[in-house]
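Structure record follows, encoded as structure tokens.
Note that the coordinates shown come from a computational prediction; the quantities given were computed from them, not determined experimentally.
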Amino acid sequence: KIKILSLMSSKLLKKATLRVYGLDQKGIVAKCSQLLDQYGCSIMKSEQWTNVRENMFFQRILFDYSTVSSTDKECIEHAISNRVQKELNMNCELSWRTRKQRVAIM
């Protein structure tokens with residue numbers, strides 16, 4: 001029964017992925033985390049790494065936006081554009097992952 005409850009609750013989550021990359025600098029992780037928190041998103045998984053030779057930073061954040069309204073989704077997109085892309089001069093890709101996942105049972 002625990003597995004069933006776990007599967008049911010995970011289906012209620014709305015997951016999105018934010019990818020950030022560009023020249024390495026201080027404050028990237030903090031800016032992205034604070035931005036998502038400001039809109040009520042919960043970070044489920046975050047990975048970041050740096051190519052030291054090229055001084056390039058890469059981050060991928062998987063987050064839950066179940067409590068976010070469609071209006072707030074637009075605000076998040078706008079905030080990422082202004083506060084991450086423009087202020088930090090980073091490249092960003094945001095995927096709301098709205099396509100239903102296909103599952104095969106064998």
Side-chain angles (χ1 to χ4, degrees):
K1 290 186 180 183
I2 294 173
K3 287 184 180 179
I4 294 172
L5 291 175
S6 174
L7 289 173
M8 287 174 56
S9 64
S10 68
K11 288 183 181 179
L12 300 176
L13 298 178
K14 294 181 180 178
K15 299 175 189 174
T17 303
L18 173 61
R19 291 177 191 84
V20 178
Y21 58 97
L23 290 177
D24 192 21
Q25 57 190 294
K26 291 184 180 181
I28 302 168
V29 174
K31 177 95 52 179
C32 293
S33 301
Q34 290 168 356
L35 187 150
L36 293 173
D37 180 61
Q38 177 184 349
Y39 290 96
C41 299
S42 298
I43 295 176
M44 301 170 68
K45 185 176 183 179
S46 178
E47 301 170 308
Q48 59 268 343
W49 58 98
T50 303
N51 178 331
V52 179
R53 176 183 271 164
E54 302 294 327
N55 194 36
M56 292 291 291
F57 174 84
F58 302 88
Q59 182 176 29
R60 180 176 44 231
I61 304 171
L62 175 66
F63 63 95
D64 171 33
Y65 66 97
S66 300
T67 61
V68 175
S69 69
S70 58
T71 305
D72 280 344
K73 282 174 64 175
E74 292 176 15
C75 291
I76 291 170
E77 291 170 359
H78 187 267
I80 289 170
S81 175
N82 283 331
R83 292 168 36 194
V84 180
Q85 288 181 307
K86 291 179 183 170
E87 287 179 18
L88 298 176
N89 198 29
M90 300 297 287
N91 298 297
C92 299
E93 298 172 5
L94 178 61
S95 170
W96 292 107
R97 300 175 70 170
T98 54
R99 188 180 71 170
K100 290 187 178 183
Q101 187 175 8
R102 293 183 178 188
V103 178
I105 300 174
M106 303 178 118

Between [X] and [Y], which heavy-atom pair has the shortest distance, and what is it?
X: Val68; Y: Cys41; value: CG2-SG, 3.8 Å
X: Glu54; Y: Asn51; value: N-OD1, 3.0 Å
X: Ile43; Y: Phe63; value: CA-CB, 4.0 Å

Kindly compute the distance separating [atom1] ([X]) from [atom2] ([Y]), expressed to the nearest 0.5 Å.
X: Thr50; Y: Gln25; atom1: OG1; atom2: CD; value: 11.0 Å
X: Leu18; Y: Leu36; atom1: CG; atom2: CG; value: 6.0 Å
X: His78; Y: Arg83; atom1: NE2; atom2: CZ; value: 11.0 Å
X: Ser33; Y: Gln38; atom1: OG; atom2: CD; value: 12.5 Å

Lys14 backbone acceptor or donor facing Ser66 side chain under 3.5 Å: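 Between the backbone of Lys14 and the side chain of Ser66 there is a qualifying donor-acceptor contact (under 3.5 Å).
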Any donor-acceptor pair under 3.5 Å from Tyr39 side chain to Tyr65 backbone: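 Answer holds: no.
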hydrophobic_cluster_shared for Val29 and Met56, side chain cutoff 4.5 Å: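 Different clusters.
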Derivation and outcome, side-chain contact (heavy atoms from CB on, under 4.5 Å), residues Asn89 and Leu23: CA-CA 8 Å; Asn89 198 29; Leu23 290 177; 5.8 Å; no
Minimum side-chain heavy-atom gap Leu62-Arg97 below 4.5 Å: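 Yes; the side chains approach each other to less than 4.5 Å.
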Met90 side chain near Gln59 side chain, heavy-atom distance below 4.5 Å: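 No, too far: nothing below the 4.5 Å cut-off.
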Geometric class of the Phe58/Tyr21 ring pair [parallel <30°, tilted 30-60°, perpendicular >60°]: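 Ring orientation, 0 to 90° scale: parallel.
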Intermediate values then yes/no, side-chain contact (heavy atoms from CB on, under 4.5 Å), Gln48 and Ile28: CA-CA 10 Å; Gln48 59 268 343; Ile28 302 168; over 6 Å; no
